[in-house]
Structures are given as C-alpha cells and as structure tokens.
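Sequence lines set the chain letters: A, B, ... in the order given, protein chains first and strands last, and positions in each chain run from 1.
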Amino acid sequence: MSADNARIGEMFDRLADLLEIEDANPFRIRAYRNGAQTVREHPRSMADLIIEEKDLKELPGIGKDLAEKIRAIVETGRLPALEEVEARTPGVLSDLMKIPGLGPKKVKALYKELNIRSVADLRTAAREQRIRGLPGFAARTEEQILRRTEKFSVEERRFNLLEAEQIKNPLMEWMEKLDGLSQLIVAGSFRRRKETVGDLDLLVTARRNTPVMEHFTGYEEIAEVVSRGTTRSTVRLVSGMQVDLRLVPKTSYGAALHYFTGSKTHNIAIRKMGVKRKLKVNEYGMFRGDKQIGGRTERAVYGLFDMPYIEPELREFRGEIEAALENRLPRLVGPKAIHGDMLCYATDARSTSALAKRAVEREYEWLGVCFDSEGGLDRKQIITWRRALDRTGQRLGIELLLIGEAAIAKDGSIVADQELLSEFDLVAVVVRDGMHLDHGAQTRRLLRALENPHVKLLTSPTGRVIGRYPGMDYDLKRVLAFAAERECMVGLDARPDRLDLSDEACRLAKEVGATVAICSHARTPDELDNLRFGLDQARRGWLERGDLVNTRNSGVIRGQFPD
DNA sequence: GCCGTTTTCGGCCCGACTGTTTTCAGTCG
C-alpha cells in the first residue's frame with residue numbers, strides 16, 4: 001500500500017466530510033467514500049497504474065469523474081474540487097467529525113453558532129460550558145465531548161493480532177462465565193485474521209432472558225460503556241480496544257456471522273448477487289419476499305448462490321467470489337499440514353535443545369536453526385554447531401537444518417566468506433541496512449544477491465514493521481519472480497508485528513511461482529507459536545500446500561534445495 | 001458520483017442506540 005494511495009484516499013474522504021457538512025447529495029458523498037476505500041485498499045499505487053496506462057474506471061466505484069480526479073492528484077498533488085469546498089467550509093472541520101458522537105450536523109452547528117474549527121476550540125468551548133444550550137446539545141453532551149476529546153489520540157490505534165488475542169482471550173473467559181450463553185464468537189477483521197485489528201466484534205446467541213448485556217458491561221477491564229441496548233452494546237476497554245457485542249436470535253446466527261465478519265466490500269458484492277435473484281441477504285437472514293429461507297448457518301449464505309464456502313481470510317473482495325463461482329478457490333492450508341518451521345535462532349546447545357523439544361511437541365518433522373554469532377564465523381564454529389544439531393536432532397527425533405544467515409551489502413554482494421557458505425544446509429540472506437535505497441538501486445541490489453548460487457532463502461523480504469516502517473521500496477514482483485526462477489525460497493516473517501510478506505505480496509509470490517517459507521524467527525520455544533500468524537497471512541494470500549515449504553516432510557526437505 | 005443480464009435514468013442498506021425530545025434527528029456500524 002503506497003503512501004500516495006493513502007493520500008488520495010484521505011483527500012476524497014475529506015471532501016466527503018465537508019460535503020456532508022454542507023448537506024450535499026448523500027449518494028454523491030458515498031461515491032467519494034467508496035472511491036477513497038477502493039484507492040486505499042488497492043495493492044498497486046495509482047501512480048503506477050497511470051504510468052502503465054491502465055484504465056482507472058475499471059476499479060470498483062471509480063467512474064469518469066473520480067478517475068480524472070485521481071489523475072489530477074497524482075500529477076499535481078492537488079484536488080481542485082476539495083479546494084473549492086474548503087473556500088466555503090474550513091477543511092479542519094473534518095477532523096472534528098472523527099470524534100465519536102460528532103457527525104456532520106453537530107459539527108456544522110458548532111461551527112455556525114460558536115465558530116468552532118478545531119479540537120482545541122471545541123475543548124475550550126466545552127470547558128467554558130458554551131456548548132450546552134445550543135439546540136440539540138445538553139449538558140450531558142458537553143461533558144461527553146470533553147471526555148472524548150481527552151482520549152482523542154488513543155482512539156485511532158490499531159492492534160496487531162497477538163495484541164488483539166491478548167485482549168480477547170480474558171474477555172471471552174469472562175463472557176463464558178455467563179449461564180445461558182449458547183454461541184460466542186469474535187467476527188470482524190479479527191476472524192478474517194487481518195494483520196491489524198481496530199476493534200472486536202462479538203457475536204452472541206443465548207437462551208431467552210439471559211442477562212447478556214448486563215454481564216458484558218460488567219467486565220472489569222471496561223473504561224467506558226459507549227452504548228448499551230438490548231441487542232447491541234459498545235464498550236471501550238482500558239487497553240483502548242473498542243468492543244461491540246451483538247445478541248442475535250439463533251435463527252439469524254449464520255447470517256449475522258457472515259454479515260459481521262465482512263469485509264464490507266465482500267458483503268456488498270454478496271448482497272448485490274442476492275438482489276439480482278430477488279433475494280434479500282442481511283444480518284437477520286436470507287429472505288425471498290417476506291419469507292425467511294435461511295440464516296442459521298453461515299455456509300447457507302454461500303449455498304444460496306451455489307457457491308462453496310468461502311473462508312473468512314479470503315473475504316476481501318479480491319476475486320474470491322468469482323473464484324468460488326468457478327469452483328477454483330484455493331485449498332487453504334490448515335495447521336495440521338505444517339511439518340516444519342524454516343527459521344529460529346539458537347545461541348548454544350542448550351537453547352537448540354529447548355527449541356527442538358518444543359518443535360517436536362508441535363509435531364514438526366524438521367526445524368531450521370540459525371546460530372547467533374558475534375562477529376565473523378569460522379569453520380570450527382560451524383562444525384561445533386553442526387555437531388550440536390545432529391546430536392540433538394537424533395536424540396529428539398527431528399531433523400534440524402543448519403541455517404547460515406548473511407547480510408546483503410548495499411551493492412548486492414553477500415557479506416560472508418563464500419567458502420564457508422557451502423558448509424550450511426541452507427543459506428539465508430537478509431537486508432539489515434541501507435533500506436532507504438531508491439527503487440532502482442534496491443531492486444538491483446536484491447536481484448544481485450539472489451544471483452549468488454549459495455543463497456536459498458530471502459528472509460524478511462521487505463523489512464517492514466507494521467505501523468512503523470512500510471518496508472523497502474523495490475520491484476517486489478521482479479525479485480519474487482527471479483527468486484522463483486533461481487529456486488530460492490522467499491521467507492514469510494511470521495512475527496505478528498511484521499508479517500513480512502503482506503497478504504498481497506503472498507499472492508504475488510504465488511502468481512510468479514515462488515516457494516514461500518513461513519519463518520517464526522523464534523528465539524525462545526514460546527515464540528515458535530508465531531508461526532500460526534504467518535500461516536494466517538499465507539491463507540489470506542491464497543497460498544496452498546504446494547506454495548509452502550512448511551508442508552513438506554523431512555527427507556524431502558533436505559533434498560529440496562540442493563546447494 | 002457510480003452503475004447497469006429490468007442499462008443512459010433512477011436507483012443507491014438500513015436498523016440500533018443515544019440524547020433530547022414529546023415523536024424524532026443524528027450518529028454509528
């Protein structure tokens with residue numbers, strides 16, 4: 001996802017906000033929002049598409065007008081339509097709309113009546129109690145505004161999957177204490193295993209008269225109960241995570257699960273298919289006219305359209321519906337099919353043994369082990385490691401592969417004694433510095449590194465850290481294709497704060513025929529569990545058994561990438 | 001502003017919850 005796309009999306013959203021304040025045609029506003037989402041979620045940058053003379057009108061929600069506006073932004077960095085609106089209505093007002101509880105109407109009133117333009121203005125006015133008394137604002141609203149602007153900075157935070165699980169697990173334990181609960185599941189992007197999660201969507205069915213909402217809002221980690229009704233409640237936890245809970249009848253459970261799992265664009269596509277067949281699909285069920293014809297199970301939603309079940313990880317409206325209709329959905333890999341982990345780090349015989357032992361418990365047949373070495377390494381050291389691995393492997397009944405990891409220099413050469421490289425079972429390379437090189441130089445650097453015949457694995461391919469560093473800028477497709485040609489594996493760094501490759505990059509790897517190796521990068525036995533986040537990502541990237549080296553048995557593995 | 005196997009006009013998701021209201025508008029997902 002390029003910064004440019006994010007900027008285009010932001011401009012469209014801002015325009016939509018201001019038009020909303022001006023009370024413009026709501027469908028026109030939505031068109032801008034849809035366009036913003038399409039652009040933001042597109043894997044390629046709009047600038048690239050324009051260079052390649054692709055027709056932007058092919059993108060969903062982009063027509064003649066938006067295509068021209070995108071082109072204008074890419075070429076000039078400006079959106080004249082936005083500037084025109086900003087001449088009438090200050091652009092910063094759109095920041096106010098991000099505060100929960102403030103929508104276009106309230107923001108407009110605050111601006112017109114009190115000339116409030118910024119969050120700072122708003123706080124001052126609230127403290128001075130100038131807001132109460134405005135039509136539609138009472139003392140309570142004013143207090144709420146003050147409270148919510150205080151927390152404004154934390155509200156936007158997204159959590160990685162590990163953080164989300166650590167918040168979710170104790171909450172689920174709390175909910176399960178409730179007598180009368182039948183079904184309890186987390187839907188939303190968490191269920192789709194998206195790499196970051198903004199909130200948790202709990203879906204619940206229960207026996208009649210079960211005090212679900214009372215129990216839920218009694219959870220001790222709650223910082224604020226945002227709303228509480230009979231079928232829906234929203235809370236914000238101390239951690240900053242927002243949690244929505246929805247109570248649905250059992251006859252709607254499947255439909256609701258589908259609806260609240262999303263993604264939104266996937267749901268819209270499904271709903272549209274329903275409309276064509278004169279069927280209504282919503283969170284309550286599937287209907288022909290007024291008659292409910294399904295809703296208990298999620299599978300039935302897809303069955304309605306003669307489609308096979310689409311796994312949550314695939315529901316991003318990236319071709320999964322067409323694939324399902326044509327019966328060519330990928331067969332996603334489950335945890336049982338995983339026989340090994342390509343990369344963990346040991347420091348000595350003892351840590352090797354601890355990692356290997358855990359790997360055996362996880363029913364792995366093989367494990368790639370890399371030794372952290374200080375400074376250069378020598379033949380003697382390698383022999384020591386090899387011995388430790390062989391002994392431990394035999395004792396525990398697991399094949400341990402000796403991985404040598406070397407850095408890629410800025411010129412693409414491998415920083416290591418070339419003769420020693422052949423002593424390893426497998427040589428992995430990684431970019432440790434010079435991540436800022438420009439597109440061309442970085443591409444050349446990686447291609448050159450892969451030319452080295454010893455190199456069999458490229459780890460942490462983009463170097464990204466989720467939410468902190470977007471990753472190196474280079475021609476990923478070209479590098480992946482070259483890796484495929486050279487029979488060099490591409491690592492999927494499974495650490496939950498990295499997940500490097502992205503889901504889209506996994507698809508790209510599959511497209512060019514590169515073999516992906518999920519790597520936990522564990523330094524402790526517990527961290528071997530990171531692998532499952534990598535597997536989630538691989539599933540989101542449509543990878544199948546044959547695309548992943550982790551599904552292969554020992555024996556096959558050593559001969560797989562001969563030196 | 002977008003879209004089209006009812007195609008160039010006339011649709012576009014809508015129900016739950018809140019707060020202030022006295023019958024409902026605004027916001028959210």
Between [atom2] on [N] and [atom1] on [X], what's the gap in Å once rounded to a whole number?
X: A:Glu20; N: B:dA25; atom1: CD; atom2: P; value: 17 Å
X: A:Arg33; N: B:dG1; atom1: CZ; atom2: C1'; value: 13 Å
X: A:Phe287; N: B:dC14; atom1: CZ; atom2: P; value: 13 Å

Determine the Euclidean distance between corresponding [atom1] atoms of [M] and [N]; express it in Å to zero decimal places.
N: B:dT20; M: B:dC12; atom1: P; result: 33 Å
N: B:dC9; M: B:dC14; atom1: P; result: 25 Å
N: B:dT7; M: B:dC2; atom1: C1'; result: 13 Å

Practice problem: Identify, residue by residue, the members of residues 53-68 of chain A with a heavy atom below 4.0 Å from DNA chain B, and return them in order of residue number, or none. | Solution: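 A:Leu59, A:Pro60, A:Gly61, A:Ile62, A:Gly63, A:Lys64, A:Asp65, A:Leu66, in order of number.
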Quiz item: By a strict heavy-atom criterion of less than 4.0 Å, which residues belonging to residues 102-115 of chain A are in contact with DNA chain B?
Solution: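 When residues 102-115 of chain A is checked for heavy atoms under 4.0 Å from DNA chain B, the hits, listed by number, are A:Leu102, A:Gly103, A:Pro104, A:Lys105, A:Lys106.
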Exercise. Could you list all the salt bridge (Lys or Arg N to Asp or Glu O under 4.0 Å) pairs where at least one residue sits in residues 247-275 of chain A, not counting sequence neighbours?
Key: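 For residues 247-275 of chain A: none.
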Quiz item: A:Met241 pairs by side-chain contact (heavy atoms from CB on, under 4.5 Å) with which of A:Val235, A:Leu171, A:Leu200?
Solution: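 The single option meeting the side-chain contact (heavy atoms from CB on, under 4.5 Å) with A:Met241 is A:Leu200.
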Each nucleotide N or O in nucleotides 8-12 of chain B that has a protein N or O under 3.5 Å away: list the pair and distance.
unit_1: B:dC12; atom_1: O3'; unit_2: A:Arg30; atom_2: NH2; d: 3.0

Quiz item: So which nucleotide does B:dT8 pair with, by the Watson-Crick or G-U wobble rule with both distances under 3.5 Å?
Solution: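 B:dT8 is unpaired by these criteria.
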Practice problem: Hey, can you tell me if A:His258 and A:Tyr302 have their rings parallel, tilted or perpendicular (30° and 60° cut-offs)? | Solution: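 Rings of A:His258 and A:Tyr302: perpendicular, over 60°.
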Distances under 3.5 Å only, N/O to N/O: pair up the protein atoms with those of nucleotides 5-7 of chain B.
unit_1: B:dT6; atom_1: O4; unit_2: A:Lys278; atom_2: NZ; d: 3.2

Quiz item: Once each nucleotide of nucleotides 15-23 of chain B is scored for protein heavy atoms under 4.0 Å, what B/S/- sequence comes out, 5' to 3'?
Solution: BSSSSS---
Exercise. For A:Ala31 and for A:Asp201, find the nucleotide of DNA chain B with the closest heavy atom, then tell me which residue's nucleotide is more 5'.
Key: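 Counting from the 5' end, the first nearest nucleotide belongs to A:Ala31.
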